[in-house]
Participant: 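Here it is: the structure, laid out below.
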Amino acid sequence: MTIDDLPNIVADALDLPSNVKLGLPEGADHPPRILILYGSLRPQSFSRKLALEAERILRRLGAETRVFDPHDLPMLDSVANDHSKVRELRELSLWSEGQVWVSPERHGAVTGVFKNQIDWLPLEDGSVRPTQGRTLAVMQVCGGSQSFNVVNALRLLGRWMRMVTIPNQSSVAKAWQEFDDAGRMKPSPYYDRVVDVMEELFKFTLMVRERSDYLVDRYSERKGAVEAGVLSQAAGVVSAIKTPIRGET
């Protein structure tokens, strides 16, 4: 993705974040891995158009991206977890180091299409948490005047999924006016905000990804592990006392 693919960006004003600029050790040298989810199945879905615009910006910044297509993802619990679309979504979440969530506003809330994707991502699967410690950017598209109901709801979901949600966000009002016939977002303050959000997500992902396990490590869970270890050790001692040593009567 070159700057020529982003005609609405002023090249000299776009920063390309790096570990060096952020004062970070080199650490992982692969591009940040970003998963993008959107919340509509409509052929002219504006949340999908915004998701693809975000992807173009992220690729220019240097990220590796995946956009999940929610078509054919069954409703939660209507099929087994080994369904191909469920496996695809969960594997992409595990692959990602950051995510972008984009949903339309429907009756003041996120759409069922979007919520179904989040519901298929478990908080915990064995010893693995598919979303914990990953960075998150939230955006919404509105059919009318600007609203923040959806981005607020997405922030709540992100906290529940134990993600690191960045401070910035985007809400695109009257989205049907903001995209051209080719599906590209027109230049506007809304577009500039989307660039801001993607830059910020990229930076936060660089800062967090090598430290996410430590950042989300919790005292309450460590305490539980210590207590479990004490109980296990005590059970072993009791077992040793009750079990006769071979050869003794």
Side-chain angles (χ1 to χ4, degrees), residues 1 14-38 50-51 53-68 89-103 110 114 117-118 120-140 148 150-171 193-225:
M1 185 67 63
L14 182 67
D15 180 48
L16 300 181
S18 68
N19 284 351
V20 173
K21 290 179 181 178
L22 290 167
L24 301 173
E26 285 305 308
D29 57 2
H30 64 270
R33 300 190 294 262
I34 308 296
L35 170 63
I36 304 172
L37 306 180
Y38 63 92
L50 184 56
E53 201 67 45
E55 180 184 35
R56 295 182 188 100
I57 297 165
L58 285 167
R59 287 187 173 181
R60 173 55 188 162
L61 293 172
E64 183 180 358
T65 60
R66 300 286 188 277
V67 178
F68 178 74
L89 176 60
R90 292 185 174 188
E91 288 168 3
L92 284 173
S93 185
L94 287 172
W95 165 85
S96 71
E97 297 169 320
Q99 296 187 17
V100 179
W101 292 356
V102 189
S103 177
V110 300
F114 188 87
Q117 295 172 74
I118 304 305
W120 271 117
L121 295 174
L123 288 174
E124 187 171 0
D125 186 9
S127 61
V128 177
R129 292 189 172 101
T131 53
Q132 176 171 285
R134 286 154 178 80
T135 54
L136 172 65
V138 298
M139 301 196 293
Q140 74 173 85
F148 300 96
V150 165
V151 287
N152 289 336
L154 293 177
R155 285 187 176 278
L156 178 61
L157 283 172
R159 180 189 63 79
W160 196 260
M161 303 303 284
R162 300 179 68 167
M163 302 177 78
V164 181
T165 308
I166 66 171
N168 215 339
Q169 62 188 26
S170 171
S171 173
R193 174 58 68 89
V194 173
V195 178
D196 289 346
V197 174
M198 293 305 103
E199 272 193 351
E200 190 170 292
L201 175 67
F202 193 96
K203 293 174 184 176
F204 269 75
T205 305
L206 287 178
M207 291 191 294
V208 167
R209 65 179 181 175
E210 291 298 299
R211 303 163 178 81
S212 61
D213 289 343
Y214 177 70
L215 290 173
V216 298
D217 186 42
R218 296 185 176 188
Y219 162 76
S220 58
E221 293 180 348
R222 296 193 302 273
K223 178 184 175 185

Participant: State, to 0.1 Å, how close Gly133 and Ser212 come at their nearest heavy-atom pair, and which atoms those are.
Facilitator: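 Smallest interatomic distance, heavy atoms only, reads O-CB, 3.4 Å.
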Participant: Output all residues satisfying side chain to side chain donor-acceptor pair (under 3.5 Å) with Arg159, sequence neighbours left out; order by chain, then residue number.
Facilitator: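 Side chain to side chain donor-acceptor pair (under 3.5 Å) list for Arg159, sorted by chain: empty.
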Participant: Do Leu215 and Val164 come within less than 4.5 Å of each other through their side chains, counting heavy atoms only?
Facilitator: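 Not touching, per the 4.5 Å side-chain cut-off.
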Participant: Do Arg90 and Leu121 have side chains that approach each other closer than 4.5 Å (heavy atoms only, starting at C-beta)?
Facilitator: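 Of all side-chain heavy-atom pairs linking Leu121 with Arg90, at least one is under 4.5 Å.
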Participant: Sequence neighbours excluded, which residues qualify as ring pair (Phe, Tyr, Trp, His ring centres under 6.0 Å) partners of Phe202?
Facilitator: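 Applying ring pair (Phe, Tyr, Trp, His ring centres under 6.0 Å) to Phe202 gives none.
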Participant: Using a 3.5 Å distance criterion without hydrogens, assess whether the side chain of Arg134 forms a donor-acceptor pair with backbone atoms of Gln132.
Facilitator: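 Present.
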Participant: Is a donor on one side and an acceptor on the other found under 3.5 Å between the side chain of Arg155 and the backbone of Pro167?
Facilitator: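 Side chain of Arg155 to backbone of Pro167: a pair is present.
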Participant: Are side-chain heavy atoms of Trp101 and Ile118 found at a separation under 4.5 Å?
Facilitator: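 SC-SC contact between Trp101 and Ile118 confirmed.
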Participant: Given side chains that start at C-beta, do those of Met198 and Arg56 come closer than 4.5 Å, heavy atoms only?
Facilitator: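 Answer no - side chains too far apart.
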Participant: Of all heavy-atom pairs between Met161 and Pro122, which one has the smallest distance, and what is that distance?
Facilitator: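 Where Met161 meets Pro122 most closely, the heavy atoms are CE-O, 4.4 Å.
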Participant: Output all residues satisfying side chain to side chain donor-acceptor pair (under 3.5 Å) with Ser93, sequence neighbours left out; order by chain, then residue number.
Facilitator: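 Result, side chain to side chain donor-acceptor pair (under 3.5 Å) vs Ser93: Gln99.
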Participant: Heavy atoms only: give me the nearest Arg129-Glu221 pair and the separation to one decimal.
Facilitator: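 Closest approach of Arg129 to Glu221: NH2-OE2, 3.2 Å.
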Participant: For a side-chain contact (heavy atoms from CB on, under 4.5 Å) check, start with the C-alpha distance between Leu50 and Met139, then their side-chain angles and the critical distance, and finish with the verdict.
Facilitator: CA-CA 9 Å; Leu50 184 56; Met139 301 196 293; 3.9 Å; yes
Participant: Considering residues at least two apart in sequence or located in another chain, which fulfil the salt bridge (Lys or Arg N to Asp or Glu O under 4.0 Å) criterion with Arg193?
Facilitator: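 Salt bridge (Lys or Arg N to Asp or Glu O under 4.0 Å) list for Arg193, sorted by chain: empty.
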Participant: Identify, with sequence neighbours excluded, every residue that meets side chain to side chain donor-acceptor pair (under 3.5 Å) alongside Gln117.
Facilitator: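 Per chain and number, Gln117 pairs via side chain to side chain donor-acceptor pair (under 3.5 Å) with no residue.
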Participant: Under the salt bridge (charged side-chain N to carboxylate O under 4.0 Å, His left out) definition, can you give me all pairs with a residue in residues 194-205, not counting sequence neighbours?
Facilitator: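 Non-adjacent pairs meeting salt bridge (charged side-chain N to carboxylate O under 4.0 Å, His left out): zero.
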Participant: Using only atom types and a distance under 3.5 Å, with no angle test, would you say the side chain of Glu97 pairs donor to acceptor with the backbone of Arg33?
Facilitator: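 Present.
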Participant: Mark yes or no for whether Arg66, through its side chain, and Leu92, through its backbone, hold a donor-acceptor pair below 3.5 Å.
Facilitator: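 Not confirmed, Arg66 side chain does not pair with Leu92 backbone.
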Participant: Verify side-chain contact (heavy atoms from CB on, under 4.5 Å) between Leu61 and Leu201, making sure each step is shown before the conclusion.
Facilitator: CA-CA 10 Å; Leu61 293 172; Leu201 175 67; over 6 Å; no
Participant: Search all heavy atoms of Thr205 against all heavy atoms of Pro32 and return the closest pair with its distance.
Facilitator: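 Reported closest heavy-atom pair: CG2-CB, 3.9 Å.
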Participant: Is it the case that over 12 heavy atoms from other parts of the model lie below 6.0 angstrom from the CH2 atom of Trp160?
Facilitator: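 Incorrect, the count does not exceed 12.
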